[in-house]
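Each chain gets a letter, A, B and so on, in the order its sequence line appears, and its residues count up from 1.
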There are 2 protein chains.
Amino acid sequence: MSGEQELGITESKEHNPGDWYAEVVQKAKLADYAPMGGFIVTRPRGYALWEAIKDNLDGWFKETGAQNAYFPMFIPEGYLEREKDIVEGFDPEVAWVTHGGYDELEERLAVRPTSESIIAPFMAKWVRSYRDLPLRLNQWNSVVRWEATETKPFFRTKEFLWQEGHTAHASESGAWEEMTLRLDQYQRLYEDVLAIPVLRGRKPEHDKFPGADTTTTVEALMPDGKTVQGGTSHYLGQSFADAFDISFVDEDEDERIAHTTSWGLSWRSIGALIMTHSDDQGLVLPPTVAQEQVVIVPIWQEDTKETVLQYASEIAAELQDAGIRVKLDDRDERNPGFKFNEWELKGVPVRLEIGPNEVDDEEVTVVHRPDGETITDDRGDIVESLRDHLDEVYAKLYAAAEENLEENIREASSRNEILGTIGQHGGYVKAPWCGDEACETEVKEQIHAEVVMVPFDEDEEPIGETCAVCGDEAETTAYFAKSY
Amino acid sequence: MSGEQELGITESKEHNPGDWYAEVVQKAKLADYAPMGGFIVTRPRGYALWEAIKDNLDGWFKETGAQNAYFPMFIPEGYLEREKDIVEGFDPEVAWVTHGGYDELEERLAVRPTSESIIAPFMAKWVRSYRDLPLRLNQWNSVVRWEATETKPFFRTKEFLWQEGHTAHASESGAWEEMTLRLDQYQRLYEDVLAIPVLRGRKPEHDKFPGADTTTTVEALMPDGKTVQGGTSHYLGQSFADAFDISFVDEDEDERIAHTTSWGLSWRSIGALIMTHSDDQGLVLPPTVAQEQVVIVPIWQEDTKETVLQYASEIAAELQDAGIRVKLDDRDERNPGFKFNEWELKGVPVRLEIGPNEVDDEEVTVVHRPDGETITDDRGDIVESLRDHLDEVYAKLYAAAEENLEENIREASSRNEILGTIGQHGGYVKAPWCGDEACETEVKEQIHAEVVMVPFDEDEEPIGETCAVCGDEAETTAYFAKSY
Ligand SMILES: [Zn+2]
Ligand SMILES: [Zn+2]
């Protein structure tokens, strides 16, 4: 019994979300802590989630003209320096390679914190004519940012997996459309694959990607009231193209400077997925990304074992043939209760319980992971009904997340109201804002909430006439929230 | 015209294979040289080849129980040290991270040269009982080895893409089967996907992977007479498991040490692919990995343009619907001759030429890339006939490589015969060998050829009774060859 105890989650999501999250990640075997602080080991069940995310996005990227490439993981210091004309740079966060074998390198190499500074010079080399545009490159890799914060698997790690897209276009409108397209795809990933509704918006001026004209974001609200920046897409204007000389000859033989974008989504999306749906029994996954969509747990006595297992195997085979990812847990050495707990912990969306009664009645007992709803279905329509159950589980997860989001967007018209509302409820607080960083800082210092986004449409009227903090004229609506 | 000239390959594969190879890689837009010596930038056409290789292998790995994971790209120096009980280690080849941001690290971090030393401790942690075995992990990543040699894209680069599999088993036979299974899959990749026949064998004692019991290899013979080590699979015995304490409780409650394997295949396979099939017109690809399997070049005058393009588009649509990767090159600004050259350079396996005659006769003209064979086919059976043409092109490529291999395995029974045969013909020279490294060194010093493998079957009789070099009793047959 103590073994079963250890297997289960002991922390409470509601009362101790940080420890609960760490426990779910480890006990569901998604990841482990590496020996160096800030690094994790992604175990097969965690990596399978990343593969599911990657397969979806990569397909959409390719359908829409992006091509995968691979640039070196190291960037010479001089290349990073070159970027400093336009951006502050990543210096404080860079891991430096100084030695190769026994020799000190003549020039230090940065382990890429992002690849603009190594990709842009090659774009400059490869782009000659308007016929070479748009040029859309993407790479799936890992990057390193030496941030000295507490490790939180998938949310905060010094090395993380992501994709980074880099594109060049002949016109501003082409680049702007690209930025929007990629943000749409990130939204689609969250809403149609991860069962998480998101808000889209822009980052305020002082929080844009260094050197960007516009940074857009999808934001996902976690159950603990904090927001996650789920993916960002930047219109970089002509600043990078100018600095790195990405120019082209247009139809009229005139030399012009390109417009560029970049866009990235990291394994933080896995963090948001775990945090959003899981509960005190462990991981909860939508069927879209679950390694096993259905687990069959046979329940037998010695005299019924053969018929029960026979019936369960036939169902497993039928589901598998229909393309449903099914696992028949026929282990002898574990009892059904243990198996229920284990597969709940691992987040399998639907459980089938099959005992002698189900065999006799030609039925199956179906249990939904998120809420434990139990249904008896006919054996005959098993494939169809399972497909419906998987859809229902997805819908339940989405609806719960949507309800959390809708209930947690509030308005405020004064500094105290912002502080009070976030303090009491978390979530997003919309307030009219002058756009001044100082007004954000005032809130940040009090309650660690910041302006996580402003409306996507720059022309949208603010929800009030004067800044909730300073009383000056409002320029936009700010979404204040605490952030992961 | 000078533009066309620049586009084409100027070096000769036969007379200047090194420069020819570099030119094909760059002009077919597979890769470019990075600013740091030893590093390359993999362009979309090059990366697509890696994706094709990866998709095939990854599918086979998953069907046979391997699970993908991701371990950190850095390994603490102390972890690498721990390995030194069993192996000499990678010290001279390691890139070291010494600083994070502005701070010097307390312990240096190696950029992984391979991941045994970071994976093994986690295997030790995760494996408790025989029920946890076999444990089969794989990761697709890049590794860094600071070798000070001339850069040769895909063949010799300081950073390279690869997969590394690491498995633990309860028994020697389980681990041995695993090693063999992965070698089989590598052979299958070369023979069924890359159209390159290979030889399988073991590495001699002194050339095994450090710490391994047995290192097996697939070797591919290049047209210039040098061999490429195409992938290796190691049975590590219990040495790693012993050093890292990968132990388990067996069915009888006894504590036992696991047996481990590792196996890897890198983007050197892309190098072998390019080198084997390509020619003085540029890249040649088998249809299995070609981004475009068929290119349609329409040939028109002003008055026939519309009908020709209409006919060509219909064919393109029909092929695409049938799942054939087809590209219709309907660019206005280029003439057919330019297009022929460009798609030949890029290695498209089959070209369709469509002019007014083809339209009138309801035919297509089909050209095979490898040998220029030209066939007239009926329009009606286009999908079926194209499928046959793609198979034929694959068969031609394989047959040519096979002929090269078969013609270039020779025997020798004396030191001078080994030197003379390799000097004159290249290829493999089989000779009886005592197994002593000194005898290999004698050959190596004279002619840079080494023992690249010995027969897979340890019990196979050597082809002669005495070592061709020293005259002592022969233990095995050695395959001498120059190697990439
Ligand atoms: Zn203000
Ligand atoms: Zn000898």
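Although no hydrogens or angles enter the test, the distance criterion places no donor-acceptor pair under 3.5 Å between the side chain of A/Asp58 and the main chain of A/Lys54. Within the 3.5 Å criterion, the main-chain N or O of A/Arg325 finds a donor-acceptor partner in the side chain of A/Gln293. Without hydrogens or angle criteria, A/Glu93 side chain to A/Pro113 main chain gives no donor-acceptor distance under 3.5 Å.
Taking the side-chain contact (heavy atoms from CB on, under 4.5 Å) definition, one finds that B/Asn56 meets it with B/Trp60, B/Leu189, B/Val193, sequence neighbours left out.
Only the side chain of B/Leu137 has a heavy atom closer than 4.5 Å to any heavy atom of chain A. With a 4.5 angstrom heavy-atom cutoff, A/Leu109 touches chain B only via side-chain atoms. Contacts of B/Gln139 with chain A are absent, with no heavy-atom separation under 4.5 Å from either backbone or side chain. Proximity to chain B is limited to the side chain of A/Glu51, based on heavy atoms less than 4.5 angstrom apart. Proximity to chain B is limited to the side chain of A/Arg131, based on heavy atoms less than 4.5 angstrom apart. Within the 4.5 angstrom heavy-atom criterion, only side-chain atoms of A/Tyr79, from C-beta onward, approach chain B. Contact of A/Glu107 with chain B is not made at all, since no heavy-atom distance falls under 4.5 Å.
Under the side-chain hydrogen bond (donor to acceptor under 3.5 Å, both in side chains) test applied with A/Asn138, the options A/Gln67, A/Lys62, A/Gln163, A/His166 reduce to a single match, A/Gln163.
Interface remark: of the candidates A/Phe39, A/Phe122, A/Trp50, A/Phe71, A/Phe122 forms the most heavy-atom pairs closer than 4.5 Å to chain B. Between chain B and the options A/Glu333, A/Lys158, A/Lys29, heavy-atom pairs under 4.5 Å are most frequent for A/Glu333. Between chain A and the residues B/Ser142, B/Pro121, B/Ala48, B/Gly46, the most heavy-atom pairs under 4.5 angstrom are made by B/Ser142. Top candidate by heavy-atom pairs under 4.5 Å with chain B, chosen from A/Ile119, A/Asp103, A/Leu105, A/Ile75, is A/Leu105. If you tally non-hydrogen atom pairs under 4.5 Å between each of A/Trp140, A/Tyr47, A/Tyr70 and chain B, the highest count goes to A/Tyr70.
Here the side chains of B/Tyr130 and B/Glu251 are in contact, with some heavy-atom distance below 4.5 Å.
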Which side-chain N or O atoms in residues 30-37 of chain A pair as donor and acceptor under 3.5 Å with protein atoms at least two apart or in another chain?
residue: A/Asp32; atom: OD1; partner: A/Gln26; partner atom: NE2; Å: 3.2
residue: A/Asp32; atom: OD1; partner: B/Lys125; partner atom: NZ; Å: 2.8
residue: A/Asp32; atom: OD2; partner: B/Lys125; partner atom: NZ; Å: 3.3
residue: A/Asp32; atom: OD2; partner: B/Trp126; partner atom: NE1; Å: 2.8

> Should B/Trp146 and B/Val94 be marked as a side-chain contact (heavy atoms from CB on, under 4.5 Å) after you check the CA-CA gap, both sets of side-chain angles, and the distance that decides it?
Replying inline: CA-CA 6 Å; B/Trp146 213 263; B/Val94 165; over 6 Å; no

